[in-house]
Every structure is written in structure tokens, then in C-alpha cells.
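In what follows, a single structure is set out as C-alpha cells and then discussed.
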Protein chains: 2
Amino acid sequence: MKPMNLTDLSSFLSERSIKPSFQRIKILNYLIHNHIHPTVNDIYDSLISEIPSLSKTTIYNTLNIFAKNKIVKEINIEENELRYDINTHEHGHFKCIECQEVFDFDIAFEDSAKKSLDGFELLECEMNIKGVCKTCKNIK
Amino acid sequence: MKPMNLTDLSSFLSERSIKPSFQRIKILNYLIHNHIHPTVNDIYDSLISEIPSLSKTTIYNTLNIFAKNKIVKEINIEENELRYDINTHEHGHFKCIECQEVFDFDIAFEDSAKKSLDGFELLECEMNIKGVCKTCKNIK
DNA sequence: ATCATTGCAAACACTTTGCATACGC
DNA sequence: GCGTATGCAAAGTGTTTGCAATGAT
């Protein structure tokens with residue numbers, strides 16, 4: 001998703017019947033500019049200096065609204081916490097167990113899975129892989 | 001994995017340097033006989049009548065040992081809880097949002113993902129899909 | 001004035017940790 | 001007897017809920 005100015009962000013939300021509050025716009029803007037699969041805490045830490053009154057509850061609320069409206073996708077790659085990803089094309093996630101970074105990779109879900117699930121209605125697909133990334137592999 | 005008698009279960013653990021305690025054998029046996037991707041609570045509820053002293057801590061400990069030894073796989077299909085699956089062949093998981101059941105489906109990870117991740121070391125692959133299963137789709 | 005959003009505090013649920021007891025070789 | 005496994009209780013952590021205050025139209 002391409003960066004947007006304030007007016008664009010505002011209409012983006014309005015079009016989806018989400019009232020474009022200051023906090024929601026800031027969170028959306030953060031997600032568009034930071035494709036790092038952030039956690040709620042990542043978002044909080046990044047925005048708190050700009051919005052000192054910001055509460056994590058608001059971030060949770062906002063992300064839940066965004067998820068319901070398919071603006072973001074919840075990523076279950078870690079047992080204990082959710083990460084969020086602005087919805088673009090379908091892709092998988094690779095988490096490096098050394099540097100902890102999460103990478104995107106292309107994937108064609110139809111090929112592999114959908115033929116085994118004939119007759120099922122597929123709503124959300126998620127593919128997560130853990131391993132060691134190229135960089136960390138070369139360091140060792 | 002095929003059902004085993006007590007001696008088999010015991011050697012299965014010993015071979016992996018895991019001391020075959022009563023609780024561990026019972027939990028392993030449960031996993032082999034119940035391919036329902038149980039949570040810790042599922043296992044606890046099923047075994048508590050047979051082992052009244054059983055503690056959830058022991059189940060957590062045991063499953064963590066099993067996971068480290070690749071006997072079970074942790075399934076991250078739900079945000080808030082882990083499910084466990086006896087390790088067999090590589091397959092994906094489909095969770096029906098109506099009946100909550102988790103189904104297995106065949107998948108060839110190599111095809112779709114591995115070509116995009118050339119140079120990366122892949123350790124754990126997980127593919128989770130949510131949707132509506134055949135049966136629930138026909139009821140509606 | 002009304003209605004939705006915000007944000008604090010408390011509640012919740014799953015998991016881990018600390019530690020004393022019990023068990024097995 | 002020694003070392004490990006067990007299991008209770010408490011702590012930890014991510015997320016949700018209740019509710020009063022605030023904000024927008």
C-alpha cells in the first residue's frame with residue numbers, strides 16, 4: 001500500500017464506514033509506513049511520543065476494527081503475541097530465530113492447499129515458516 | 001503414528017533420552033490416540049479422571065519437552081492458545097469457524113514456498129487456514 | 001444533546017517460574 | 001541417598017472488558 005496524505009487516509013477509513021479519528025489515522029499511517037509486522041507494543045512505543053495520551057486499549061480496539069474490515073491481517077507466527085500486517089497481496093511470513101526479523105515471501109496458496117480443500121470455504125490463509133535467514137546463516 | 005502398548009511407548013521415550021514417567025507415557029498415549037489437535041486443557045480434562053493428581057504444569061512441561069524433541073508440533077491457529085499435533089507427515093490445518101473443528105489437509109510446502117526462500121534455512125513450516133467446512137456449509 | 005471514541009483500571013486466560021514434596025534408580 | 005519429575009501457588013504477559021470522561025457533530 002502506498003503512502004497517503006492525511007486527506008487520503010481519512011477518506012480511506014470513511015469509505016469503509018470507520019470514523020477517521022486522530023488515533024485511527026495515526027495507527028493506519030504507521031502501518032502503511034512500517035511493514036515490519038509490528039506488535040501492539042511496537043505501535044505503542046512508536047506513537048506514544050507523538051500522542052502522549054495514547055492508550056494500548058485504543059490500539060487493540062483499532063486493530064480489531066481494521067482486522068474485521070480486512071485492512072490488516074493478524075499474524076500468528078509467535079505463540080504469545082499477535083503481529084499485524086497491512087493487507088496487500090497474499091504472502092507468507094518467515095521468522096528468523098536468530099535475528100527475530102520477519103520477512104515476507106511470495107506464495108501461491110491455490111496451488112498447494114486449495115486442491116486438498118475442495119468444497120470448503122476458505123476465508124483466511126496463513127503460512128508461517130521459522131528458520132535462519134540468509135544473513136544470519138552466513139554469519140555463523 | 002500407530003497405537004503402541006506400554007512397552008513401546010516407554011522405549012519410544014527412552015530412545016529419545018526422555019525418562020518414561022507415568023505422566024509422560026499417558027500424555028504421549030493420549031496424543032497418539034487423539035489426533036484432534038488438543039489444547040493443554042483438552043489433555044487435562046481427558047486425563048484428570050484417570051490421574052487425579054495430574055497438574056497442568058506437568059502437561060506444559062511434557063509438551064515442551066516433546067516439542068523440543070520434535071515429537072509434537074505446536075499449532076498456532078488460534079491467537080490465544082496453542083494446540084498440539086503428533087508429528088507425522090507435513091500437512092496444513094484448517095479450522096472451521098462454525099464447528100471449531102480442526103482438519104488436516106495435504107500440502108506440498110516445497111512447491112510454493114521454498115523457491116521464494118532460496119538460501120534460507122527452513123526449520124518449521126506451518127500453514128493454517130480458517131473458513132467453513134463442507135458439513136457446516138451445507139447446513140447453512 | 002447525543003452518540004461514539006478514548007483510555008484507565010480491573011479482569012481474564014494461557015503459560016512459565018519458584019520451590020517444596022515425592023518418586024525412581 | 002541423589003537426582004529428577006511432579007504439582008501447587010504465584011507471577012508474568014498479551015488481550016479484553018467495564019465504565020467514566022472526553023470529543024465530535
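Chain identifiers are assigned alphabetically (A, B, ...) following the order of the sequence lines, protein sequences preceding nucleic acid strands; residue numbering begins at 1 within each chain. Side-chain atoms are counted along with the backbone in the values below, which use heavy atoms only and exclude waters and symmetry mates.
Atom-to-atom, CD of E78(A) to P of dT15(D) comes out at 12 Å; the value is rounded to the nearest Å. The nearest whole Å value for the distance from the OH atom in Y84(A) to the P atom in dG14(D) is 13 Å.
Between the side chains of H91(B) and H93(B), at least one donor N or O lies within less than 3.5 Å of an accepting N or O.
In this structure, the side chains of V40(A) and Y84(A) come closer than 4.5 Å at one or more pairs of heavy atoms.
If you check residues 36-64 of chain A against DNA chain C, the residues with a heavy atom closer than 4.0 Å are S53(A), L54(A), S55(A), T57(A), T58(A), listed by number. Only K19(A), S21(A), Q23(A), R24(A), listed by number, bring a heavy atom of residues 6-25 of chain A to less than 4.0 angstrom from any atom of DNA chain C.
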### Task
Walk me through it: do N128(A) and M127(B) pass the test side chain to side chain contact (heavy atoms under 4.5 Å, CB included)?
CA-CA 6 Å; N128(A) 298 322; M127(B) 179 151 188; over 6 Å; no
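No side-chain donor-acceptor contact under 3.5 Å links N87(A) to the backbone of I71(A).
Placement of L63(A) and I51(A) within a single hydrophobic cluster is found when ILVMFWY residues are connected by side-chain heavy-atom separations under 4.5 Å, directly or transitively.
The two residues P20(A) and L13(A) make their nearest non-hydrogen contact at CA-CD1, 4.0 Å. Between F12(A) and M4(A), the shortest heavy-atom distance links the atoms CD1-CE, 3.7 Å. The two residues R16(A) and N69(A) come nearest to each other via the heavy atoms O-OD1, 3.7 Å.
Ring orientation note: the planes of F103(A) and F94(A) are tilted relative to one another, at an angle of 30° to 60°.
Rounding to the nearest 0.5 Å gives a distance of 12.0 Å between CG of L28(B) and CD1 of I65(B).
Here the range on DNA chain C touched by chain B, meaning any atom under 4.0 Å from one of its heavy atoms, is dC14(C) to dT17(C).
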